[in-house]
Peer 1: 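The structure's right below; bear with me while I get my questions together.
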Amino acid sequence: MNVVASSAALGKGIHPLILDDIVRLMLKVNSYYTNAMEGNPSTLKDIDAALNNQLAKDKASRSFQLEHVAHIEVQEAMLQRLREEPSLRVCSKDFLCWLHEQFFRRLPEDMRFARTLGGEVVPVEPGRLRDRGITVGSHEGPVTRGEIERYLARFEELLSPECLVGAPKLLGWASSHHRFLWIHPFSEGNGRVARLLTTAYGIRIGVGDNMLWTVGRAFARNRADYDRHLALADRPRRNDLDGRGPLSEEDLIEFCTFFLRCCKDQIQFMDGVLQLGELERRYQRFIGALETEKAISKAGGKLMRRLLPQGAMPRAQVLEICGVKQRRATQIIRELLDAQVVRSETPYGPLRLNITADMSAALFPSLA
Ligand SMILES: Nc1ncnc2c1ncn2[C@@H]1O[C@H](COP(=O)(O)OP(=O)(O)O)[C@@H](O)[C@H]1O
Ligand SMILES: [Mg+2]
């Protein structure tokens, strides 16, 4: 399986606007998995609620919801920068610190802390490299700020996608995930930043730039394997045949193999759930169930059935499709908005598919 080609082939036959709606869902899915790995128990439903400003009463749950809102906003800001700044270097210290800064400054105060080696709780300054030692598993990261800065400079020099051509780009992509985590430049948030970096790097090398799958799902679902492979690649070089740097090249290649296997699994999984014929059938079933439960009317169902192949629906079209007058059309639109199955950017804007947690569970079983 060719990762680049099979990633690019995803979503064939699906309307481009619906693919955009799926990308919106994937931002939530990314956040769900990457934060779940760091102990955030929110469900996709909790994330939807948070995005609708419905925050839990209990403070801890609320903070977890806000962590997702922060993460989704950072992804959006990151995608915008990647679009607008072709010269942006994803492996640069500036970019990595920017990701950390963007995420942590959006977090509620009670989540901006780290535990030191001695167990002391210290505040995390958004975007700031650490200046004390850290351990993760049995790995001890470089200690001083100077050392961290030197490793980050080497990291950018050796692993930037801009410096690599052809197949080494994929190895650079996978290696950068580990090497960044080996440096572990921040006192907290390294896992989240590493996974954001991986998304950005993938976009730069044209793998997963459609944002229709996420390797983070594999990391989270195979957490023990992920940690084990990271730990294996922390090991020093064994002999003269094991690369030239301080760390084992053989173990790094093993990590890259694991990483790329995770990518393949995820592309395959998404390819399965995005097969148009099956997707349409699941969609029909979902809309049918909403009608049966009377969550939407028959007229609403009719509109929903048109929305999938059409991608978007100008509000004026509702009159024509349902053969009703303006007043009734407005009612039907309101009913769909209230059921949260459609959304609209502006009060008079076209209707778009809103892939909530419930819809996602029906359309893309076991995605999150
Ligand atoms: N042995 C290891 N070597 C390097 N990185 C590791 C190792 N084990 C786990 N990790 C990474 O460290 C991350 C945790 O670091 P941390 O700074 O707490 O990040 P976050 O706050 O995002 O959880 C994990 O998500 C994983 O990506
Ligand atoms: Mg952590």
Side-chain angles (χ1 to χ4, degrees), residues 30-42 60 63-64 66-68 70-72 74-75 78 96-108 110-117 119-143 148 151-152 155 159 173-201 214-236 245-248 251-252 254-256 258-259 262:
N30 274 332
S31 183
Y32 168 72
Y33 280 117
T34 196
N35 287 310
M37 291 175 82
E38 312 305 338
N40 185 323
S42 305
S63 290
F64 284 131
L66 291 171
E67 185 168 52
H68 286 294
H71 196 275
I72 291 166
V74 176
Q75 290 181 73
M78 180 179 92
L96 297 166
C97 289
W98 179 80
L99 288 176
H100 188 271
E101 190 263 335
Q102 290 287 308
F103 184 47
F104 274 86
R105 87 176 160 77
R106 286 178 166 87
L107 289 184
D110 61 321
M111 292 197 117
R112 284 193 230 160
F113 70 86
R115 245 172 242 288
T116 65
L117 289 174
E120 191 193 341
V121 172
V122 291
V124 175
E125 228 180 283
R128 196 175 161 83
L129 299 175
R130 64 182 165 80
D131 50 12
R132 60 175 99 199
I134 200 164
T135 58
V136 50
S138 52
H139 169 58
E140 286 175 26
V143 177
I148 293 170
Y151 278 118
L152 285 177
F155 175 79
L159 290 172
W173 184 33
S175 304
S176 64
H177 191 82
H178 175 266
R179 291 310 194 234
F180 171 81
L181 284 168
W182 182 88
I183 303 171
H184 230 73
F186 303 109
S187 55
E188 179 61 37
N190 296 282
R192 265 79 57 88
V193 172
R195 293 182 286 274
L196 286 167
L197 160 69
T198 289
T199 304
Y201 200 122
T214 173
V215 67
R217 179 172 179 273
F219 295 162
R221 293 166 79 99
N222 304 287
R223 183 64 205 266
D225 264 1
Y226 171 68
D227 281 353
R228 187 168 57 81
H229 279 94
L230 283 170
L232 286 177
D234 289 334
R235 296 191 294 191
L247 300 184
S248 164
D251 289 334
L252 179 62
E254 183 57 36
F255 177 80
C256 292
F258 165 76
F259 180 102
C262 288

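Atoms within a ligand are numbered from 1 in the order they appear, just like the ligands themselves. Being a predicted model, the structure only gives us computed values, none of them experimental.
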Peer 1: I'd like to know if Ala194 contacts ligand 1, where contact means a heavy-atom distance under 4.0 Å to any ligand atom.
Peer 2: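 No, Ala194 has no heavy atoms under 4.0 Å from ligand 1.
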Peer 1: Could you name the option among Gly141, Gly191, Ser187 that has the heavy atom nearest to atom 13 (C) of ligand 1?
Peer 2: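 Heavy atom nearest to atom 13 (C) of ligand 1 belongs to Gly191.
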Peer 1: If you have a sec, work out which protein heavy atom is nearest atom 20 (P) of ligand 1 and how many Å separate them, to one decimal?
Peer 2: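 So the nearest neighbour among protein heavy atoms is Arg192 NE, 3.3 Å.
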Peer 1: Please write down residue, atom name and distance for the protein heavy atom closest to atom 25 (O) of ligand 1.
Peer 2: Glu38 OE2, 2.6 Å
Peer 1: Nearest heavy atom to atom 21 (O) of ligand 1: which of Arg235, Arg223, Glu188, Arg228 does it belong to?
Peer 2: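 Checking each option, the heavy atom nearest atom 21 (O) of ligand 1 is found in Glu188.
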Peer 1: To check your reading of the model: name the closest protein heavy atom to atom 7 (C) of ligand 1, its residue, and the distance in Å.
Peer 2: Val136 CG2, 3.5 Å
Peer 1: Inspect the contact between Arg235 and Glu254 and indicate whether a charged nitrogen and a carboxylate oxygen are less than 4.0 angstrom apart.
Peer 2: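 No, this pair does not count.
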Peer 1: With a 3.5 Å distance limit and no angle check, can you tell me whether His139 reaches the backbone of Trp182 through a side-chain donor-acceptor pair?
Peer 2: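 Yes, because the side chain of His139 sits within donor-acceptor range (under 3.5 Å) of the backbone of Trp182.
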Peer 1: Under 4.0 Å from ligand 1, counting heavy atoms only, is it the side chain of Met37, its backbone, both or neither?
Peer 2: neither
Peer 1: Please state which protein non-hydrogen atom is closest to atom 12 (O) of ligand 1 and give its distance, to 0.1 Å?
Peer 2: His184 CE1, 3.3 Å
Peer 1: When you measure from the Mg ion (ligand 2) to the N, O or S atoms of Glu188, does any of those distances fall below 2.8 Å?
Peer 2: yes
Peer 1: With heavy atoms of Asp234 as the reference, note each atom of ligand 1 found under 4.0 Å away.
Peer 2: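 Answer, ordered by atom number: 1 (N), 2 (C), 3 (N), 4 (C).
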Peer 1: Check for a donor-acceptor pair, side chain of Arg112 on one end and backbone N or O of Leu107 on the other, with a separation under 3.5 Å.
Peer 2: yes
Peer 1: Would you say the side chain of Thr198 lies within less than 4.5 Å of the side chain of Phe259, judging by non-hydrogen atoms?
Peer 2: yes
Peer 1: Let me confirm one number: the CZ-CD distance from Phe104 to Glu125, rounded to the nearest 0.5 Å.
Peer 2: 12.0 Å
Peer 1: For atom 4 (C) of ligand 1, find the nearest protein heavy atom and state the residue, atom name and distance (0.1 Å precision).
Peer 2: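 Of every protein heavy atom, Leu181 O, 3.6 Å lies nearest to atom 4 (C) of ligand 1.
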Peer 1: Looking at ligand 1, is there an atom of it that comes within less than 4.0 Å of some heavy atom belonging to Tyr226?
Peer 2: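 True for this residue.
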Peer 1: Tell me the contacting part of Asn190 for ligand 1: side chain, backbone, both, or neither, using a 4.0 Å heavy-atom threshold, strictly below.
Peer 2: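 The part of Asn190 near ligand 1 is both the backbone and the side chain.
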Peer 1: Nearest 0.5 Å please: distance from the NE2 atom of His100 over to the OG atom of Ser187.
Peer 2: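 It is 6.0 Å, given to the nearest 0.5 Å.
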Peer 1: Within ligand 1, which atoms have a heavy atom of Arg195 less than 4.0 Å away?
Peer 2: 25 (O), 27 (O)
Peer 1: Classify the contact between His177 and ligand 1 as side chain, backbone, both or neither, using a heavy-atom distance cut-off of under 4.0 Å.
Peer 2: neither
Peer 1: Got a donor-acceptor contact below 3.5 angstrom from the Trp98 side chain to the Gly127 backbone?
Peer 2: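 Between the backbone of Gly127 and the side chain of Trp98 there is no qualifying donor-acceptor contact (under 3.5 Å).
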Peer 1: Please state whether His229 comes within less than 4.0 angstrom of ligand 1, counting heavy atoms only.
Peer 2: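 Judged by the 4.0 Å heavy-atom criterion, His229 does not count as contacting ligand 1.
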Peer 1: Before we go on, tell me: are the rings of Phe219 and His229 under 6.0 Å apart, centre to centre?
Peer 2: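 No: the rings miss the under 6.0 Å criterion.
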Peer 1: Could you check whether atom CD of Glu140 has more than 12 heavy atoms from other residues, nucleotides or ligands sitting under 6.0 Å from it?
Peer 2: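 Not buried by this count: 12 neighbours or fewer within 6.0 Å.
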Peer 1: Do His178 and Asp234 have a side chain donor and acceptor closer than 3.5 Å?
Peer 2: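 There is such a pair between these side chains.
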Peer 1: Looking at Ala231, which atoms of ligand 1 are within less than 4.0 Å of one of its heavy atoms?
Peer 2: 1 (N)
Peer 1: How long is the straight-line distance from NE2 of His71 back to CZ of Arg195, given to the nearest 0.5 Å?
Peer 2: 7.5 Å
Peer 1: Rounded to the nearest 0.5 Å, what's the gap from OH on Tyr32 to CG on Asn40? Could you check?
Peer 2: 9.5 Å
Peer 1: Answer side chain, backbone, both or neither: which part of His178 comes under 4.0 Å from ligand 1, heavy atoms only.
Peer 2: neither
Peer 1: Which part of Phe219 is near ligand 1, with near meaning a heavy atom under 4.0 Å away: side chain, backbone, both or neither?
Peer 2: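 Phe219 to ligand 1: no contact under 4.0 Å from either part.
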